[in-house]
There are 2 protein chains.
Amino acid sequence: MVRQPAINAKHRTPLSTERIIEAALQIIDAQGLSRLTMRRLGDALEVEAMAIYHHLPRGKEQLLDGLVVHVAAVPAAVPAPGRGATRWRGALRDWARGYRERLLTHAGVLPLLVTRRNPAALAGTTASLREILRQGGIAEATAAVAAHTLLSYVIGHAAMEVRGTAAGGEPAATAAEPEGPVDWDARFLAGLDLLLAGLNP
Amino acid sequence: MVRQPAINAKHRTPLSTERIIEAALQIIDAQGLSRLTMRRLGDALEVEAMAIYHHLPRGKEQLLDGLVVHVAAVPAAVPAPGRGATRWRGALRDWARGYRERLLTHAGVLPLLVTRRNPAALAGTTASLREILRQGGIAEATAAVAAHTLLSYVIGHAAMEVRGTAAGGEPAATAAEPEGPVDWDARFLAGLDLLLAGLNP
DNA sequence: ACCTGAACACCGTTCAAGT
DNA sequence: ACCTGAACACCGTTCAAGT
């Protein structure tokens with residue numbers, strides 16, 4: 001007869017940086033960034049908090065850096081090199097919509113995107129945007145500017161939406177919103193088109 | 001002969017919300033947001049930390065909300081109603097440059113701008129931007145979009161700059177910045193013009 | 001190699017007490 | 001009214017110890 005595994009099995013699936021970051025993201029999405037604690041994260045992984053340090057020696061700092069990369073390092077899909085008239089514009093538009101959605105579903109990570117100084121994290125993302133613009137016939141210098149402008153707009157707009165949405169999530173117009181509740185989706189798309197319209201090869 | 005004040009004078013200038021927020025901002029600017037502690041803030045004000053709660057009953061939450069308003073609630077100056085051709089464009093450009101500079105000198109507050117849900121904080125700022133656009137002959141609906149777009153861009157770009165600048169502040173091009181060190185000022189102005197050029201009455 | 005337990009130096013906040 | 005002192009329930013992290 002095979003021995004029953006102990007209640008606290010010693011040989012369960014071991015920890016990994018992947019699993020740690022995913023569990024941390026779940027806590028942030030469900031309860032908010034302020035509730036992400038090494039002790040709580042340990043609980044979620046059914047492990048003592050101190051076990052995490054074996055995989056992330058730099059501790060919580062390293063965890064937060066990993067979360068930013070995990071959420072925000074999403075490159076844009078470069079379209080096939082056939083030069084359609086509005087092809088690259090569509091590619092940028094699609095990426096912007098998807099990227100914004102990702103930022104909003106992980107809104108708790110947004111403040112980390114601002115806090116963590118890490119030039120490398122978004123290097124791939126900006127590079128892919130520049131490449132799309134370059135293939136669209138935009139000059140190298142303006143492509144660099146436009147890539148940065150687009151990324152700044154998407155991140156900034158997501159930040160505005162998160163900070164501008166009241167905690168309770170009430171629909172009525174308050175004194176704070178004299179024009180009534182904002183349709184953030186429509187606002188985002190209109191601003192995006194305004195920005196893309198300014199880009200001409 | 002006048003009595004010498006005691007070492008710990010009982011009747012020194014009393015605390016005020018103003019003084020508390022200014023002291024907090026000094027700590028953030030000099031040492032970073034993570035070093036802002038109720039106890040350290042008390043030290044800076046030569047008071048026990050618990051005295052702060054008498055002026056800010058909601059504690060640190062209220063302090064952080066106050067900091068956001070203090071730093072980010074800056075309306076744009078609406079130009080005289082004479083309709084110069086590029087007058088309103090210049091007004092928006094000037095405001096954006098000044099606002100960005102303010103955000104960067106208080107970069108430690110930037111994550112709070114994203115975290116704190118407070119629609120009221122930026123209502124005056126967006127209203128002033130809409131007013132400038134409206135006087136420039138922009139239709140009401142597009143003015144609302146453009147105001148949001150501009151503010152999103154400025155905040156997003158400042159966030160990108162802060163997060164994209166390495167902690168040490170080294171000038172050399174690293175693997176993270178394949179195109180070499182970014183001229184953030186130039187980037188910002190170029191993107192700003194790209195955005196403003198898309199606005200036509 | 002991987003995890004635990006106890007300990008340390010901090011936090012924000014409450015609450016009764018002082019003046 | 002305004003501030004203090006002590007206390008409470010948390011933090012992140014170190015470090016020696018277990019398996």
Side-chain angles (χ1 to χ4, degrees), chain A residues 3-25 27-28 31-68 108-109 111-112 115-116 167, chain B residues 3-25 27-28 31-68 108-109 111-112 115-116 167:
Chain A
R3 234 180 343 141
Q4 295 276 111
I7 303 274
N8 283 330
K10 260 79 196 163
H11 303 295
R12 66 211 133 151
T13 51
L15 240 41
S16 71
T17 311
E18 277 283 293
R19 277 185 59 215
I20 294 172
I21 288 181
E22 264 152 28
L25 193 56
I27 293 176
I28 293 177
Q31 317 187 41
L33 180 59
S34 65
R35 303 259 314 159
L36 176 62
T37 287
M38 296 304 272
R39 283 168 163 94
R40 245 191 291 268
L41 183 55
D43 277 0
L45 293 162
E46 300 187 59
V47 120
E48 291 303 309
M50 299 73 201
I52 298 166
Y53 288 81
H54 199 267
H55 300 264
L56 302 173
R58 264 178 48 244
K60 199 172 188 184
E61 298 282 300
Q62 193 172 357
L63 175 64
L64 299 181
D65 286 338
L67 281 163
V68 169
V109 179
L112 297 180
T115 322
R116 319 303 302 174
Chain B
R3 227 173 356 130
Q4 295 275 109
I7 302 275
N8 282 331
K10 258 79 197 163
H11 304 295
R12 67 214 129 148
T13 51
L15 239 42
S16 72
T17 311
E18 277 283 292
R19 278 186 58 215
I20 293 171
I21 287 182
E22 264 152 28
L25 193 56
I27 292 176
I28 292 176
Q31 316 187 44
L33 180 59
S34 65
R35 303 260 313 160
L36 175 62
T37 287
M38 297 304 271
R39 284 169 163 91
R40 244 191 293 268
L41 182 54
D43 278 358
L45 293 162
E46 299 187 58
V47 121
E48 291 302 308
M50 298 74 201
I52 298 166
Y53 289 80
H54 200 267
H55 300 264
L56 302 174
R58 265 178 48 243
K60 199 173 188 183
E61 297 283 298
Q62 194 172 356
L63 175 64
L64 299 181
D65 286 338
L67 281 162
V68 169
V109 179
L112 298 179
T115 323
R116 317 304 301 175

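The sequence lines fix the lettering, A, B, ..., with proteins before strands; numbering per chain opens at 1. The analysis underlying the following values was restricted to heavy atoms, covering all of them including side chains, and did not include hydrogens, waters or symmetry mates.
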Colleague: Just by protein heavy atoms under 4.0 Å, how would nucleotides 12-18 of chain C read 5' to 3' in B, S and -?
Modeller: BBB----

Colleague: Roughly, in whole Å, what's the span from CD1 in I52(B) to P in dC11(C)?
Modeller: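 Computing the I52(B):CD1 to dC11(C):P distance gives 12 Å.
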
Colleague: Of all heavy-atom pairs between A23(A) and L45(A), which one has the smallest distance, and what is that distance?
Modeller: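 So the two residues come closest at CB-CD2, 3.7 Å.
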
Colleague: Checking K60(A) side chain against T37(A) main chain: does a donor-acceptor pair fall under 3.5 Å?
Modeller: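 The answer is no, because no donor-acceptor pair under 3.5 Å joins these two groups.
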
Colleague: Side-chain N or O of H55(A) versus OP1/OP2 of dC3(C): is the shortest distance under 4.0 Å?
Modeller: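 True: H55(A) side-chain N/O within range (under 4.0 Å) of dC3(C) OP1/OP2.
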
Colleague: How does DNA chain D look in dot-bracket notation if pairs are Watson-Crick or G-U with both distances under 3.5 Å, crossing ones as [ ], other-strand ones as |?
Modeller: ||.|||||...|||||.||

Colleague: Can you tell me how far C1' of dC10(D) sits from CG of D43(A), to the nearest Å?
Modeller: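 Rounding to the nearest Å, CG of D43(A) and C1' of dC10(D) are 14 Å apart.
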
Colleague: I need the CD-P distance between E46(A) and dC2(C), as an integer number of Å.
Modeller: 19 Å

Colleague: Does atom CD (E22(B)) have a neighbourhood of more than 12 heavy atoms from anything else shown, all under 6.0 Å?
Modeller: yes

Colleague: Under 3.5 Å, side chain of S16(A) to main-chain N/O of R19(A), donor-acceptor pair present?
Modeller: yes

Colleague: Is there a side-chain contact between R58(A) and D65(A) in this structure, where contact means two heavy atoms from C-beta onward sitting under 4.5 Å apart?
Modeller: yes

Colleague: L15(A) has an atom CG; how far is it from atom C1' of dA1(C), in whole Å?
Modeller: 13 Å

Colleague: Is the shortest heavy-atom distance from the side chain of E61(B) to the side chain of R116(B) under 4.5 Å?
Modeller: yes

Colleague: Which atoms form the tightest heavy-atom contact between L33(B) and G108(B), and what is the distance?
Modeller: CD2-O, 3.5 Å

Colleague: Check R39(A) with E48(A), please: is the shortest side-chain N to carboxylate O separation under 4.0 Å?
Modeller: no

Colleague: Which of the following nucleotides, dC3(C), dT4(C), dA1(D), is nearest to the side chain of H54(A)?
Modeller: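 Of all the options, the side chain of H54(A) is nearest to dC3(C).
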
Colleague: Rounded to the nearest Å, what distance is computed from the CG atom of residue L45(B) to the P atom of nucleotide dC3(D)?
Modeller: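 Taking atom P of dC3(D) as the reference, CG of L45(B) is at 10 Å.
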
